[in-house]
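Below, chain A is the first sequence line, B the second, and so on; all start at residue 1.
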There are 2 protein chains.
Amino acid sequence: MPPTIKDIAKQSGVSISTVSRVFNNQDLVKNETKQKVLEVIEALGYTPNFVAKRLRSCKISTIGIVVPDISAAFYAEIIKGVENKANDIDCGLIVCDAHNSRDKEKEYVRYLYDGRVDGMIFVVPQLRDDDLRKIAADGLAIAVFGKDMSGFNIQSISVDNYSGAYQAVKHLYFHGHKRIAYIGGIEAENDYDHRARLAGYRQALIDNGLGVNDAYIENGAYCEEGGGSAFLRLIKLNEPPDAIFCANDEMALGVIRMARKNHIEIPEQLGLIGFDNIRVGQYISPSLTTVNQPTYTIGVLLGERLIFQMTNKEYGQKTLNLILKPELVIRESCGC
Amino acid sequence: MPPTIKDIAKQSGVSISTVSRVFNNQDLVKNETKQKVLEVIEALGYTPNFVAKRLRSCKISTIGIVVPDISAAFYAEIIKGVENKANDIDCGLIVCDAHNSRDKEKEYVRYLYDGRVDGMIFVVPQLRDDDLRKIAADGLAIAVFGKDMSGFNIQSISVDNYSGAYQAVKHLYFHGHKRIAYIGGIEAENDYDHRARLAGYRQALIDNGLGVNDAYIENGAYCEEGGGSAFLRLIKLNEPPDAIFCANDEMALGVIRMARKNHIEIPEQLGLIGFDNIRVGQYISPSLTTVNQPTYTIGVLLGERLIFQMTNKEYGQKTLNLILKPELVIRESCGC
DNA sequence: TGCCGTCAATAAACCGTTTTAAAACTGGAA
DNA sequence: TTCCAGTTTTAAAACGGTTTATTGACGGCA
């Protein structure tokens, strides 16, 4: 057992309060006594027990972050951004991988909720707004990426998915594509990304005088395989699309793979744009035009917001929901 | 403030000891009472404060893992493996990103060391063996990936880098390559991977009657750009190599990029094999032959070892250093 | 009826620190 | 000598749990 403050007190013939003082408000203790105590501390190799310290003083200098999937570079980049800010204030970071599951996410919240952290960041939370609000109400600082929580007085950051999709589709249109399809997710209660991207897609078609054809709207389940099958369904249509906008890059990879298999040339016969700017997109052939989200910046901003929240307990000083504009990264797959 | 055990006690009309019992030795409390308490716990969303818990009982069901770079898929996979095992025993996981820096790693160790975790996993630690030993000596369970710590009575898992390199080079040789170069890291004190892979490369050449040509051994700093420049140096030689084995895939990507720029065809003019099996390797053209390490399995094993260590305090029951065999994944770039 | 054993629940001690309130010790002024 | 202010020091109360010892209630048995 390591020595405790009691051992030091006994050994040096003073009370434990005095020993504690020597460590903290050192000016309140006589120099002579201080020397004596310091000697004993040195001799016994004492360090204050962190756990006991925390129990009393309630600050733990740790923040937690919950992401849907730690192995996706997108989230890893955000984490790095957050960490950068956390380091500024000597704060540790606990990373939790929710495995894309709401239950797991809930579990982790429960886990972090036990006084392990001073604040939490949720990246694209699947949790209900209510759950998030409850956490915030308990006095824990929180910041959210991926949905607008300003209605609940919670700091949040989003990317303008609508605008990203709109830009992509407009780009395809301006370069001669007229039958533009969309591959996305399903109309789930909490799939804000899908909804906004679909809406952007729709509006871009409408604004450019192209009708919205429901047969051109497909579900690719956000994964490579799903994107591939959605593509196969699309090319079987009487009037197959001449371009596809995918709500993420994974699905676009599936499209590229299946197009190759079916001898459809990209971009000559089919324009393609993805979303997220994952690393593979630069290396695959044809390289993938995509919509880039400033992940690292997002992380930094999340960190900033959270720290702001942790230090100033009241809200409202900063805009509650900050919306970042994504940008189109033009490569080969769109043919422009 | 989140609710405490006192709130639960008051709300449900029992003593705090009873509430505590409901959480721990549940058999000692009447079923009826238990139900009542559980309801209140649920309603108030109570979680026992981990700091308080730890202070009294010395167990907090948390393990920490330190990796060099969270955004590398390689480590993310290992983390997932560990997490899987941790979940089996209802253990939380704290992930720390050391940013490839020894200082940062040290900082995190100090941080975790504060009684925040019951055990730690180090993935390719840059820490000195001594530091690791000291942690273990203090009674904290630890498990290490990437270097053999059995000499210190610490559980460790490694991949047989020597064998991986040997297989790769042998494969190149058997398919007709005679001038095989190596691009790796620098001869750093703690770069065990580099040393073992280089040794495997050397031995494979010797065993097959090819001499070792020091001009063929290059440093690519483990990154894409470094791999590219190393490649450029190699092709300027009087007798440039007809194949390259890279100590990781990143460097191989650099080779592919630069080869393309210099109109050197892979695999026709140059055979290429990487190491690590990163995702991009499947998608790039030509797709990359590489040496695969069973990352997820590594994670699971690390988790197992650590948990074993946490529960049985004595050593020695299991092999202390487990060596896994990596396997060659043959794709286009080696031309076979 | 009185005694005993069993089962449930509680009170109280404890973990190692910080912090607040109180006590003890100084020295100087009345 | 007494009192007071200022400086040091101490005792004791937190912090939020777990755990040990104790109490209380109840039924069975002599």
Side-chain angles (χ1 to χ4, degrees), chain A residues 1-38 40-41 44-62 110-118 138-140, chain B residues 1-41 44-62 90 92 113-116 118 138-139:
Chain A
M1 275 310 230
T4 75
I5 200 171
K6 269 186 204 152
D7 299 323
I8 306 298
K10 190 178 289 176
Q11 194 82 177
S12 51
V14 299
S15 72
I16 58 169
S17 344
T18 305
V19 178
S20 175
R21 286 246 164 64
V22 170
F23 261 88
N24 306 317
N25 353 14
Q26 302 165 328
D27 40 333
L28 285 180
V29 49
K30 196 159 66 176
N31 228 312
E32 193 184 330
T33 328
K34 192 162 97 184
Q35 278 316 315
K36 194 172 54 183
V37 173
L38 281 175
V40 179
I41 285 174
L44 271 68
Y46 164 76
T47 18
N49 177 305
F50 145 89
V51 177
K53 205 164 171 161
R54 285 305 173 252
L55 178 57
R56 182 62 220 224
S57 60
C58 277
K59 283 243 109 240
I60 199 149
S61 295
T62 304
R110 168 144 252 182
Y111 176 72
L112 291 179
Y113 201 55
D114 65 358
R116 220 173 273 264
V117 297
D118 301 314
D138 271 338
L140 223 65
Chain B
M1 279 309 236
T4 75
I5 199 171
K6 271 184 202 150
D7 298 322
I8 305 298
K10 191 177 290 178
Q11 193 83 185
S12 50
V14 298
S15 70
I16 58 167
S17 346
T18 306
V19 177
S20 175
R21 286 247 165 64
V22 170
F23 262 88
N24 308 317
N25 352 13
Q26 302 166 327
D27 39 333
L28 286 180
V29 50
K30 198 159 65 175
N31 228 310
E32 194 184 330
T33 327
K34 191 162 98 185
Q35 278 315 315
K36 196 171 55 184
V37 174
L38 282 176
E39 272 166 30
V40 179
I41 286 173
L44 273 68
Y46 165 75
T47 341
N49 178 300
F50 108 99
V51 178
K53 201 164 172 162
R54 171 76 188 197
L55 181 56
R56 178 69 216 218
S57 66
C58 289
K59 275 212 51 140
I60 51 171
S61 297
T62 304
D90 275 317
Y113 198 59
D114 273 349
R116 229 175 267 261
D118 300 315
D138 270 340

Atom-pair distance ([atom1] on [X]; [atom2] on [N]), nearest Å:
{"X": "Ile16(A)", "N": "dC14(C)", "atom1": "CD1", "atom2": "C1'", "value": "13 Å"}
{"X": "Arg54(B)", "N": "dT17(C)", "atom1": "CZ", "atom2": "P", "value": "14 Å"}
{"X": "Asn49(A)", "N": "dC14(C)", "atom1": "CG", "atom2": "C1'", "value": "14 Å"}
{"X": "Ile41(A)", "N": "dT17(C)", "atom1": "CD1", "atom2": "P", "value": "10 Å"}
{"X": "Leu55(B)", "N": "dT19(D)", "atom1": "CG", "atom2": "C1'", "value": "13 Å"}
{"X": "Glu32(A)", "N": "dT8(D)", "atom1": "CD", "atom2": "P", "value": "11 Å"}
{"X": "Phe50(A)", "N": "dC15(D)", "atom1": "CZ", "atom2": "P", "value": "19 Å"}
{"X": "Lys10(B)", "N": "dA9(C)", "atom1": "NZ", "atom2": "P", "value": "20 Å"}

Using modelled atom types and a 3.5 Å cut-off, is there a donor and acceptor pairing between side-chain atoms of Asp118(B) and backbone atoms of Ile60(B)?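 Between the backbone of Ile60(B) and the side chain of Asp118(B) there is a qualifying donor-acceptor contact (under 3.5 Å).
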
Using modelled atom types only, decide if a donor and an acceptor are shared between the side chain of Thr33(A) and the backbone of Val29(A) within a distance under 3.5 Å. no

Would Val19(B) and Val14(B) count as a side-chain contact (heavy atoms from CB on, under 4.5 Å) here? Give the steps. CA-CA 7 Å; Val19(B) 177; Val14(B) 298; 3.8 Å; yes

Below the 4.0 Å mark, does [N] have OP1 or OP2 next to a side-chain nitrogen or oxygen of [X]?
{"X": "Ser15(B)", "N": "dT10(C)", "value": "yes"}
{"X": "Thr33(B)", "N": "dA8(C)", "value": "no"}
{"X": "Thr18(A)", "N": "dT9(D)", "value": "no"}

Scan [X] against the nucleic acid and name what it touches under 4.0 Å (heavy atoms): base, sugar-phosphate only, or nothing.
{"X": "Ser20(B)", "value": "base"}
{"X": "Val51(A)", "value": "nothing"}
{"X": "Ser17(A)", "value": "base"}

Between Gly13(A) and Pro48(B), the residue closer to the 5' end of DNA chain D by nearest nucleotide is Gly13(A)

Less than 4.0 Å between a side-chain N and a carboxylate O, is that true for Asp114(A) and Arg54(B)?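 Looking at Asp114(A) together with Arg54(B), the answer is no, because their closest N to O distance does not fall below 4.0 Å.
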
Is there a donor and acceptor pair, one atom on the side chain of Arg56(A) and one on the base of dT17(C), closer than 3.5 Å? no

Side chains of Tyr46(A) and Val40(A): does their closest heavy-atom pair fall under 4.5 Å?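 No, their side chains stay 4.5 Å or more apart.
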
Please figure out whether Ile5(A) or Arg21(A) has its closest DNA chain C nucleotide nearer the 5' end.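 With Arg21(A) and Ile5(A) compared, the 5'-side residue is Ile5(A).
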
Which residue lies more 5' along DNA chain C, comparing Lys6(A) with Phe23(A) via nearest heavy atoms: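 It is Lys6(A) whose nearest nucleotide is closer to the 5' end.
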
